[in-house]
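To start, the structure under review is shown below, and the notes come after it.
For clarity, every value in this text was computed on a predicted model and none was experimentally measured.
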Amino acid sequence: MEIRLKNLTKVFPGNEKKNIPDTIAVNNFDFTIPDGKLIGLLGPSGCGKTTLLKYISLNEFDDSFEYLIDDHQIKDIKEIKDIQNQYFS
């Protein structure tokens, strides 16, 4: 199973009342995990590793980027639940 993320961007909203700006956790990220390969994510605290893992495992999902498994684009919640049950349970 090959997993591809295309154009992933995740922004955590800030707080205007407290003068806290938005935080960009992942910005325009393309990523491919080839079939049968093991990957590792390295980086400093706050660089988006956990956010990326949540999207890879489909614990978070939105339609602002492309998520493909074996060239099949995932588009709705039913597909997500089926995939989670099949691969991540």
Side-chain angles (χ1 to χ4, degrees):
M1 163 178 71
E2 179 183 85
I3 297 175
R4 281 190 289 156
L5 304 175
K6 291 184 177 181
N7 303 317
L8 174 62
T9 297
K10 174 66 177 178
V11 178
F12 292 101
N15 186 327
E16 288 184 31
K17 292 180 183 178
K18 295 182 179 179
N19 201 24
I20 299 173
D22 292 349
T23 300
I24 300 172
V26 180
N27 190 19
N28 198 26
F29 191 73
D30 292 340
F31 189 66
T32 300
I33 304 171
D35 185 28
K37 297 295 181 181
L38 179 66
I39 60 134
L41 297 173
L42 301 173
S45 178
C47 74
K49 298 179 301 289
T50 300
T51 301
L52 184 58
L53 286 173
K54 287 179 181 179
Y55 279 99
I56 291 170
S57 65
L58 293 169
N59 286 324
E60 286 192 29
F61 185 82
D62 60 53
D63 60 359
S64 64
F65 69 100
E66 289 184 63
Y67 187 102
L68 298 102
I69 294 181
D70 293 331
D71 292 324
H72 173 75
Q73 186 170 356
I74 307 304
K75 295 185 179 184
D76 65 39
I77 195 71
K78 182 183 181 318
E79 283 184 294
I80 291 169
K81 295 299 178 191
D82 290 345
I83 289 165
Q84 285 175 328
N85 290 332
Q86 183 178 0
Y87 293 106
F88 300 111
S89 294

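Rounding to the nearest 0.5 Å places CD1 of Ile33 at 7.0 Å from CG of Leu5. In this structure, Gln73 CD and Arg4 CZ are separated by 10.0 Å, a value rounded to the nearest 0.5 Å. Interatomic distance, CD1 of Ile39 versus OG1 of Thr32, reported as 11.0 Å (0.5 Å rounding).
Put simply, Ile56 and Met1 are part of the same group of oily side chains (I, L, V, M, F, W, Y) that touch within less than 4.5 Å, one to the next. In terms of hydrophobic clustering, with Ile, Leu, Val, Met, Phe, Trp and Tyr side chains grouped at heavy-atom distances under 4.5 Å, Leu53 and Ile24 are assigned to different clusters.
For the salt bridge (Lys or Arg N to Asp or Glu O under 4.0 Å) condition, no pair includes a residue of residues 17-34, sequence neighbours left out. Residue pairs satisfying the ring pair (Phe, Tyr, Trp, His ring centres under 6.0 Å) criterion with at least one member in residues 7-30, sequence neighbours excluded, are listed as follows: Phe29-Phe31.
Glu60 pairs by the side-chain contact (heavy atoms from CB on, under 4.5 Å) definition with Lys10, Lys54, Tyr55, not counting sequence neighbours. Listed by chain and residue number, Val11, Asn27, Asn28 satisfy the side-chain contact (heavy atoms from CB on, under 4.5 Å) test with Thr9 (two or more places apart in sequence, or in another chain). Every residue two or more places apart in sequence or in another chain was checked for a side chain to side chain donor-acceptor pair (under 3.5 Å) with Asp35, and none qualifies.
Residue Leu42 shares its hydrophobic cluster (ILVMFWY side chains chained together at separations under 4.5 Å) with no other residue.
Proximity of Leu8 to Leu52: side-chain heavy atoms (C-beta onward) are separated by under 4.5 Å at one or more points.
Distance alone, capped at 3.5 Å, places no donor-acceptor pair between the Tyr67 side chain and the Ile3 backbone.
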